Amino acid sequence: MISMKYRSFKLVSVFSLALLFITGCSTTPPSRPEDLCSIFQEKDSWYTDAHRVHQRYGVPINVAMAIMAQESGFRADAQPPMRWFLFIPYGRGSSAYGYPQAQDPVWNEYKEQAGSIFSSRSNFGDSLDFIGWYMTKTKKLNGISFSDAYNQYLNYHEGWNGFRKKTYRSKDWLIKVARKVSSRSQMYKRQLLKCNLY
């Protein structure tokens, strides 16, 4: 009886450790985020997810990946920093979370329209699918081409209404970030053309 309990405990412990190890591996950011080929070689399931999103929406893989790189640095648990008053924490700047840094309202909208109740911002595939969905709505609502990473990112950051109101014009720092996303997108595009993935 004691032996059976011990074996059951041992089996559960091994399973838990294995699950923890697998989860840890899948959520670790890629070691070379500036190299798209290296990202997909290190995280081969990510390439499968990226290809699926491209097929579903028609969005360029390089643009969607450049947006995610900027938003979270490919960290599954990314979120805005905690705000402090003296030594007292009083919440984060927004509800943005996970790979896409999507806030609660727009994430819930995505789940209703294109995702599922099980979609998670800490899941890479779900998050990239969200970005593809968002880019598709940006094209439909504001006429921004999929390949225009600069304006796609401004929409992503400011929201569709914010972009129409040109709220980004008073944010020099955001213009610089959008240019950075555009440059990374072009770099990823050049790299993707040379990748030997399969």
Side-chain angles (χ1 to χ4, degrees), residues 29-30 32-40 43 46-47 49-76 78-81 93-107 109-110 113-115 121 124-195 197:
R32 296 173 60 198
E34 298 300 319
D35 186 335
L36 191 56
C37 298
S38 175
I39 291 171
F40 287 148
K43 312 268 188 184
W46 285 16
Y47 177 73
D49 291 331
H51 190 65
R52 187 180 299 119
V53 169
H54 172 68
Q55 285 187 315
R56 182 178 186 185
Y57 299 104
V59 300
I61 291 172
N62 57 295
V63 178
M65 289 292 285
I67 289 173
M68 185 182 283
Q70 179 58 45
E71 289 300 282
S72 66
F74 300 115
R75 286 175 292 122
Q79 54 189 322
S94 77
S95 60
Y97 182 77
Y99 287 115
Q101 286 297 281
Q103 296 191 44
D104 292 348
V106 72
W107 181 256
E109 185 180 340
Y110 158 73
Q113 293 183 7
R121 287 173 280 188
F124 177 84
D126 293 344
S127 298
L128 202 66
D129 193 78
F130 167 81
I131 293 173
W133 168 82
Y134 199 98
M135 289 176 65
T136 301
K137 290 200 73 168
T138 293
K139 183 178 182 181
K140 182 180 178 181
L141 296 173
N142 289 336
I144 305 301
S145 164
F146 286 151
S147 60
D148 184 354
Y150 176 82
N151 284 301
Q152 279 283 347
Y153 183 74
L154 290 176
N155 272 270
Y156 194 86
H157 192 277
E158 296 297 276
W160 301 299
N161 290 331
F163 181 83
R164 282 195 292 270
K165 292 175 183 175
K166 298 181 171 36
T167 53
Y168 54 86
R169 284 188 171 175
S170 61
K171 302 174 182 177
D172 291 341
W173 62 270
L174 179 56
I175 298 295
K176 290 177 183 174
V177 171
R179 287 178 184 148
K180 181 180 175 185
V181 171
S182 181
S183 295
R184 183 189 295 263
S185 170
Q186 289 303 311
M187 178 180 71
Y188 278 175
K189 183 179 181 180
R190 291 190 298 271
Q191 292 169 347
L192 194 57
L193 291 171
K194 297 177 182 178
C195 288
L197 296 166

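We count residues from 1, following the sequence as given. Note that the coordinates shown come from a computational prediction; the quantities given were computed from them, not determined experimentally. All heavy atoms count here, side chains included; hydrogens, waters and symmetry mates do not.
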**OP:** Name all residues meeting the side chain to side chain contact (heavy atoms under 4.5 Å, CB included) criterion together with Ser127; count only those two or more places apart in sequence or in a different chain, and write none if there are none.
**Re:** Met68, Tyr99, Pro100
Subject >> All side chain to side chain contact (heavy atoms under 4.5 Å, CB included) counterparts of Gln103, not counting sequence neighbours >> reply: Ser94, Ser95, Ala96, Pro105
Subject >> Non-neighbouring partners of Phe163 that pass ring pair (Phe, Tyr, Trp, His ring centres under 6.0 Å), sequence neighbours left out >> reply: Tyr168
Subject >> Qualifying residues under salt bridge (charged side-chain N to carboxylate O under 4.0 Å, His left out), relative to Lys137, sequence neighbours excluded >> reply: Glu109
**OP:** Only counting residues at least two apart or in another chain, list the ones meeting side chain to side chain donor-acceptor pair (under 3.5 Å) with Ser147.
**Re:** Ser145
**OP:** Please name all residues satisfying ring pair (Phe, Tyr, Trp, His ring centres under 6.0 Å) with Tyr156, sequence neighbours left out, ordered by chain then number.
**Re:** Tyr134
**OP:** Kindly write out the residues that satisfy salt bridge (charged side-chain N to carboxylate O under 4.0 Å, His left out) with Asp126, not counting sequence neighbours, or none if the list is empty.
**Re:** none
Original post:
Among all residues two or more places apart in sequence or in another chain, which pass the salt bridge (charged side-chain N to carboxylate O under 4.0 Å, His left out) test with Arg32?
Top reply: Asp35
Subject >> For Pro29, side chain to side chain contact (heavy atoms under 4.5 Å, CB included) partners two or more places apart >> reply: Arg75
Subject >> Pairs satisfying salt bridge (charged side-chain N to carboxylate O under 4.0 Å, His left out), at least one member in residues 174-191, at least two apart >> reply: Glu34-Arg184
**OP:** Applying salt bridge (charged side-chain N to carboxylate O under 4.0 Å, His left out), name anything that partners Arg56, two or more places apart in sequence or on another chain.
**Re:** Asp129
**OP:** Among residues two or more places apart or on two chains, list those pairs meeting salt bridge (charged side-chain N to carboxylate O under 4.0 Å, His left out) that have a residue in residues 145-168.
**Re:** Glu158-Lys171
